[in-house]
> 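Mind having a look at this structure? Questions to follow.
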Amino acid sequence: VQLQAYGGGLVQAGGSLRLSCAASDRTFSYNPMSWFRQVPGKEREFVAGVSGSGRNIKYADSVKGRFTISRGNPAITMALQMNSLKPEDTAEYFCAMAIVSGGYNGVPPRRPDEYDYWGQGTLVTVSS
């Protein structure tokens, strides 16, 4: 399956952006999907994840209350609404899909090495 991410850009601090990710194969729609981000010289970090059903959602502490992740219908799409953006949110953002047990309610893992498919990155730059 291929993942296509889009929606990054340049925004001022306090602004909003919406990232989207689409999977190429509907048969994978029950798997959890997540967003990660990475800045040069640092490890890729978990941002938010959502189960295929949309009911199991996880967030990194750094984005709780500001970011909202959701699955589309059909669940081959995923979005990340980012509000109240801060300069420290600047990074390349990646969407990913994990093949896990649990069906539509499979919990999204937090470690990058637990993911099987990755999209290309989309750059988010937040200016101060």
> Please examine the side chains of R44 and W118, heavy atoms only from C-beta on, and report whether any two atoms are closer than 4.5 Å.
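Counting from C-beta outward, W118 and R44 do come under 4.5 Å.
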> Do you know which two heavy atoms are closest between G106 and V100, and how far apart they sit?
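Between these two residues, the closest heavy atoms are CA-CG2, 4.2 Å.
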> Are any non-hydrogen side-chain atoms of E114 and P32 less than 4.5 angstrom apart?
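Not in contact.
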> Evaluate the side-chain proximity of Y59 to V50: yes if any heavy-atom separation is below 4.5 Å, no if none is.
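No; the side chains remain at least 4.5 Å from each other.
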> Working to the nearest 0.5 Å, report the span between NZ of K64 and NZ of K58.
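Here the interatomic distance stands at 8.5 Å.
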> Do you know the tightest heavy-atom contact between S51 and P108?
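So the minimum-distance heavy-atom pair works out to N-CD, 4.2 Å.
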> Any side-chain heavy atom of M78 within less than 4.5 Å of one from I69?
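A side-chain contact under 4.5 Å exists here.
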> OG of S20 to CD of Q81: how many Å apart, nearest 0.5 Å?
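CD of Q81 is found 9.5 Å from OG of S20.
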> What is the minimum heavy-atom distance between S16 and N83, and which atoms define it?
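The pair with the smallest heavy-atom distance is OG-OD1, 2.9 Å.
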> Are the side chains of V124 and L19 in contact, using a 4.5 Å heavy-atom criterion?
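L19 reaches V124 side chain to side chain.
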> Count the heavy atoms of every other residue, nucleotide or ligand shown that sit under 6.0 Å from CD of Q2, and state whether that count exceeds 12.
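Incorrect, the count does not exceed 12.
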> Mind telling me whether Y117 and F28 have parallel, tilted or perpendicular rings, with 30° and 60° as the class edges?
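Perpendicular, since the angle between the ring planes exceeds 60°.
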> Let me confirm one number: the CZ-CE distance from R18 to M82, rounded to the nearest 0.5 Å.
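Rounded to the nearest 0.5 Å, the CZ-CE separation comes out at 10.5 Å.
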> Which heavy-atom pair separates S84 from R66 by the least distance, and what is that distance?
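The answer is O-NH1, 3.0 Å.
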> In Å, rounded to the nearest 0.5 Å, how long is the span from OH of Y30 to CD1 of I99?
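Between atom OH of Y30 and atom CD1 of I99 there are 6.0 Å.
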> Counting only heavy atoms from other residues, nucleotides and ligands, does the tally under 6.0 Å from CZ of R26 exceed 12?
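Open.
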> Can you check side chain to side chain contact (heavy atoms under 4.5 Å, CB included) on V63 and L80, steps first, answer last?
CA-CA 11 Å; V63 306; L80 184 69; over 6 Å; no
> Measure across T90 and V39 and return the closest heavy-atom pair with its distance rounded to 0.1 Å.
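Nearest heavy atoms, T90 then V39: O-CG1, 3.1 Å.
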> Take L3 and M33 through the test side chain to side chain contact (heavy atoms under 4.5 Å, CB included) and record every step on the way to the result.
CA-CA 10 Å; L3 304 179; M33 295 177 70; 4.2 Å; yes
> Taking side chain as C-beta onward, heavy atoms only, is S29 less than 4.5 Å from Y104?
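Heavy-atom side-chain distance check passes, below 4.5 Å.
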> Measuring from atom CZ of F46 to atom CG of D61, what distance do you get when rounded to the nearest 0.5 angstrom?
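One gets 10.5 Å once the value is rounded to the nearest 0.5 Å.
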> Below 4.5 Å, heavy atoms only, C-beta onward: do F36 and Y115 meet side chain to side chain?
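Contact flag for F36/Y115 side chains = yes.
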> Looking only at heavy atoms, what is the nearest atom pair of A91 and L123, with distance?
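Looking at all heavy atoms of both residues, the shortest contact is O-CD1, 3.5 Å.
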> Could you check if a side-chain atom of M97 sits within less than 4.5 angstrom of a side-chain atom of V1, using non-hydrogen atoms only?
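Sidechains of V1 and M97: in contact.
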> Quick one: pull up CD in E45 and CH2 in W35 and give me the separation to the nearest 0.5 Å.
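Going from CD on E45 over to CH2 on W35, the span is 14.5 Å.
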